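First the structure, in the form of structure tokens, and then the observations on it.
Every value quoted in this text rests on a predicted model; they were computed, and no experiment measured them.
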Amino acid sequence: MVTEVEISPREAEVLELVGAHLSNAEIAARLCISVRTVESHVSSLLRKLEVPDRRALARRAPEPADAGPSRPAPVLPTPLTSFVGRVSERIELVEMIKAHRQVTAVGPGGVGKTRLALAVAAEADGEYSDGVWFVDLVPVTDPDLIATAVAGAVGLGEQPGRDMTESVVAALADRHALLVLDNCEHVVDGVALFLERLLATSPRVAVLATSRARLMVPFERVYPVPPLSLPVDGESDAVALFMERAAAVGRSLDPALRDQIASICDRLDGMALAIELAAARCSTLGLDGITAALSHPLRMLTGGSRADERHRSVRGALDWSHALLEPADRALLRRVSVFVAPFTAVAAAEVAGGEEGVVAEGLARLAEQSLLVVTASPGGTEYRALETIRQYGVERLSEAGELVDARSRHVRWCLARAAGLAVAREDRRAGFDAVADDLRAALAWAAGRPEQRTDAYDLARHLAELTFIRNLIGESQGRYEQAAALADDPAAGASMLRHAAAVASCRMHGDDMYRLRHAAADAARRSGDTAGAACDLATVAANAYRFSSKFVRKLPQEEAVALITQARELGGDDPAAQAAVALAEAGRALTELGAAPGLNDNAVPMTIARAERAVELAHRTGDPLAESAALDTLTCAQSWAGDTFAAAGTARRRITLLSSTPGTPAGTHELIEALGEATEASLGTGDLPGARRWARQLADHPLLAEVGHRATGWLLVADTLAGNVEEILTGSVRFLDAWQRAGGPARSVLGPPAAAVATIHGLRDDQDAWREWSAVLNQLDPSPGNTCGYGAVFDAMLLLHRGQASEALERMAPEPGEVWQWVTWIWLHWYVALRAETAVLARSSDAGDRLAEARTVVAGNPVATAIVERAQALLDNDQERLLATADAFDTAGCRYQSARTLVLAGGDHAARGAAALADLGFAPMALPRHP
């Protein structure tokens, strides 16, 4: 039992959320801690509970208690007033959502759909192990942002390489949950498309939607929400609601007045909102006053679906409540209706006009009349109009001829908030979340009005920047594209398209990157900026070479050549254009070199020279991002040449260059790529502490919070080579969980970490885990990089640990020159050193030759050199020299190889080595077996 182990309160929270199948990123968001802190807690729990992996850990999570504090779970909105009646409706709707995966509660505005859905969701919560998620779609103005709204409620972020819908669908694929989508009517098409994708891949997710109209999807089951029951045999939900709400405002009614109350409710057709509005007036008007007011003719809404007879009573009640307001309060109600999210008195004063104190008093009066809902927030008291009332206010704005003025003030208020957030240094996430829905709504209105085009452009630009910072990168790309479309100046449009292309790069959408950068070139040419257009076209070609794995459609070589030629002609002698063209040409040469069957003595120096020229030209422009791109290409050229240390130096130079660049989309993309490259470079030179430092920065980057497999990959490799078992067990949990949630993509870059984790489990003699991770590896990367490169390195390590030197020798039989494409860069030194050691331990006749060759290749790499020196000492039977290599491994941060050296030394040293291996978490090591 979990209670037998002493765990901290925070660990208990993490354990319950692991049991609820949340990812580390989701747990971090729920508990307001970092992903790294979650990893530490998971690692501690794995150790304390003595379980091998996250699946076993989830099984140790306690079941939710029937009493006492509930498990951390999705929180449903808490109504400020009690829910009255509707017993039969609740029973019917609960049974429907048990029987059908998608149910839509349909009815007119004010009938009580939301309150009924909340009551049903609360009642059904215990039926779903992952809880109930509530999503209010009122603020959503764009059907394409349905998934973003759901992600916000569920606590998910977008995974680079997937759009938000794909990210949400993948994250919910294995969940057992009820998703409540409230107020779908204005984004029906977007909801329908989202639900089709969600329910097709999430067999244990059920959806309860509320809408004024059905969603028109094949699997939908419609539940018409009736008005509150009117008097039948003395029972009436409508009367009970009226009496309770009247009592809440200080007017407890005598039960003897039920007939009079029933008459009022009958006049209001049992509509919940209308009854609540009338009851709120009871303390000032009394029943007689309410009856008299309802006796006067009321203006009825005409036209369209809102002419429904049931809706007439709501419109009539709103007309009546509105008529009883003072003129100033009427004006305030209609003007604040432009807010789609909760707002403060300060915001209302700015948008509605007037002094803050006077506006605050007016808001209080409106709240007293149940026309606004009041909530407390960290930023102060907030107000919100129910959607039916808000729409009524917007209609009144239009009737008063104030709609354009009010919305224009709202746009200006949104612009001011967005500009403030753009320069804020603290609480930017919370600040954005508080105003995001209003920013989107203001943009949706302004974008369709020619006179608002300039403000709409500025708002789209700000929203693009803020959503990128908020890691809503799919929306960010779309907003940059929207800004480009709104820009009056083609040059500004080109700039926005370049930003959009950079965001597409962060999303790993190479085809979008191509399309947008090409569009930027067209816009630049329209503005007369031929040099800028040349840079764009050359960058299209360079990116196709640099990031080929991000493209679905591989750029044909002849198309890339045509782009470079066109860019050269357009750019002329412009320095930036020349640098961009030089980078594209270097990328082309590098790609041709990588495709060659073997090293070409002329091609290698020529390619390096091209890359160095690109770096020089980029440096002259003063643009650090252009120089970073060129340094990336130079690093790759040096690695193809087998010059590991030069490549590592160039990679570090790139990191230094980017350390002070702003967090723009392009800068962020370059930095993430550079951190990965610096990690690889450090691994290639045996700098394990450096590799872990860069890999840790990569794993902690906020943009990768939702893609733990990409974030932790190189850290897993570095920890494996160092022998850090506990870190591997923790990090591999995040890796595997995120990879599975992403749909199990087959990407060769994820092969090395999978191979590393499989090796660790093999060294621990955990055969089940080793087989599981070996299967993951085969699914991720069946390429020669696995079979001939890193796979051979990790397999050799495991075989040597098991004493199977001859098998290890066979696994590494190819000469480095035969597999040069797969062992250059990171793996050359490791491959050469381990290949020499296998020859010695297998007593191969060419062991001496391999050692001599290896010593030259690995010179300067502390770990690989120590492996070679250890092999030489074993060949020479030099005990003193052998033990010296143990100290060298310790100095290099390679604890596993140090302990292994002691075992190989034999005698008392072997016992110390075996104990060290056990302390690290490894199984006993076998000595080489010989025929």
Side-chain angles (χ1 to χ4, degrees), residues 138-146 148-149 164 186-187 190 335-341 343 347 350-353 390 394 397-398 401-424 431-470 472-504 512 516 519-520 522-524 526-527 664-665:
V138 166
V140 178
T141 56
D142 185 344
D144 292 336
L145 294 181
I146 301 297
T148 299
M164 186 62 86
H186 61 300
V187 283
R335 289 170 186 170
V336 298
S337 66
V338 296
F339 288 103
V340 295
F343 56 89
E350 289 186 44
V351 172
R390 193 185 73 81
V394 172
L397 263 180
S398 182
E402 298 177 352
L403 183 61
V404 173
D405 287 343
R407 288 208 179 276
S408 296
R409 287 194 299 270
H410 183 238
V411 168
R412 290 194 293 273
W413 178 83
C414 288
L415 279 170
R417 300 289 82 73
L421 287 170
V423 297
F432 171 78
D433 289 348
V435 300
D437 290 326
D438 275 300
L439 298 183
R440 292 168 178 138
L443 176 57
W445 177 79
R449 302 187 67 86
E451 73 277 10
Q452 293 285 336
R453 190 180 183 91
T454 299
D455 283 346
Y457 165 78
D458 288 336
L459 197 51
R461 177 172 55 84
H462 283 308
L463 196 50
E465 294 167 355
L466 293 170
T467 48
F468 183 80
I469 294 169
R470 185 62 175 80
L472 299 172
I473 54 178
E475 182 177 357
S476 177
Q477 179 183 324
R479 297 302 181 186
Y480 274 122
E481 292 189 56
Q482 186 178 18
L486 290 166
D488 290 323
D489 178 8
S495 175
M496 292 298 100
L497 289 167
R498 290 169 190 140
H499 285 306
V503 179
D512 274 2
L516 292 164
D522 292 339
R526 289 196 302 273
S527 72
T664 62

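The pair Arg453-Asp488 meets the salt-bridge criterion, since a charged nitrogen lies less than 4.0 angstrom from a carboxylate oxygen. Between Glu475 and Arg470 no salt bridge is recorded (no basic side-chain N to carboxylate O distance below 4.0 Å).
Panel note: side chain Ser527, backbone Pro490; no donor-acceptor pair is recorded below 3.5 Å. Between the side chain of Arg479 and the main chain of Ala460, no donor-acceptor pair closer than 3.5 Å is present. Although no hydrogens or angles enter the test, the distance criterion places no donor-acceptor pair under 3.5 Å between the side chain of His499 and the main chain of Thr664.
Counting all heavy atoms, side chain and backbone alike, Ile146 lies closest to Gly190 at CG1-C, 3.8 Å. Closest approach of Ala406 and Val351 over heavy atoms only: O-CG1, 4.1 Å. The two residues Ser476 and Thr467 make their nearest non-hydrogen contact at CA-OG1, 3.2 Å. Contact detail for Ala352 and Arg409: the closest heavy-atom pair is O-NH2, 4.1 Å. Closest non-hydrogen pair, Ala523 versus Leu497, comes out as CB-CD1, 4.4 Å. Minimum interatomic distance between Ala524 and Ala494 (heavy atoms only, all atoms of both residues): N-CB, 3.9 Å.
From Thr454, atom OG1 reaches atom CG of Asp489 across 11.0 Å, with rounding to the nearest 0.5 Å. Within the model, atoms CZ of Arg440 and OG1 of Thr141 stand 8.0 Å from one another, a figure rounded to the nearest 0.5 Å. Taking CG of Asp438 as the start and CG of Leu443 as the end, the distance is 12.0 Å to the nearest 0.5 Å. With rounding to the nearest 0.5 angstrom, the CG atom of Leu459 is 9.5 Å from the CG atom of Leu486. Between the CG atom of Leu403 and the OG atom of Ser408 there is a distance of 8.5 Å, given to the nearest 0.5 Å. The distance from the CG atom of Leu466 to the CG atom of Leu439 is 7.0 Å, given to the nearest 0.5 Å.
When the salt bridge (Lys or Arg N to Asp or Glu O under 4.0 Å) test is applied to Asp458, the partners found at least two apart in sequence or on another chain are Arg461. In terms of the side-chain hydrogen bond (donor to acceptor under 3.5 Å, both in side chains) criterion, Glu465 has no residue partners (sequence neighbours excluded).
Residues Asp142 and Gln482 are not in side-chain contact: their nearest non-hydrogen atoms beyond the backbone lie 4.5 Å or more apart. The side-chain heavy atoms of Asp512 and Gln477, taken from C-beta on, include a pair separated by under 4.5 Å. Side-chain contact check for Val435 versus Phe339: every heavy-atom pair is 4.5 Å or farther apart.
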Does the side chain to side chain contact (heavy atoms under 4.5 Å, CB included) test come out yes or no for Ile473 and Phe468, once each step is laid out?
CA-CA 5 Å; Ile473 54 178; Phe468 183 80; 3.8 Å; yes
Before giving the answer on side chain to side chain contact (heavy atoms under 4.5 Å, CB included), spell out for Arg407 and Val394 the whole-Å C-alpha distance, their side-chain angles and the decisive distance to 0.1 Å.
CA-CA 10 Å; Arg407 288 208 179 276; Val394 172; 4.0 Å; yes
Without placing hydrogens or testing angles, list every side-chain donor-acceptor pair under 3.5 Å for residues 412-421, not counting sequence neighbours.
unit_1	atom_1	unit_2	atom_2	d
Arg417	NH1	Glu350	OE1	3.4

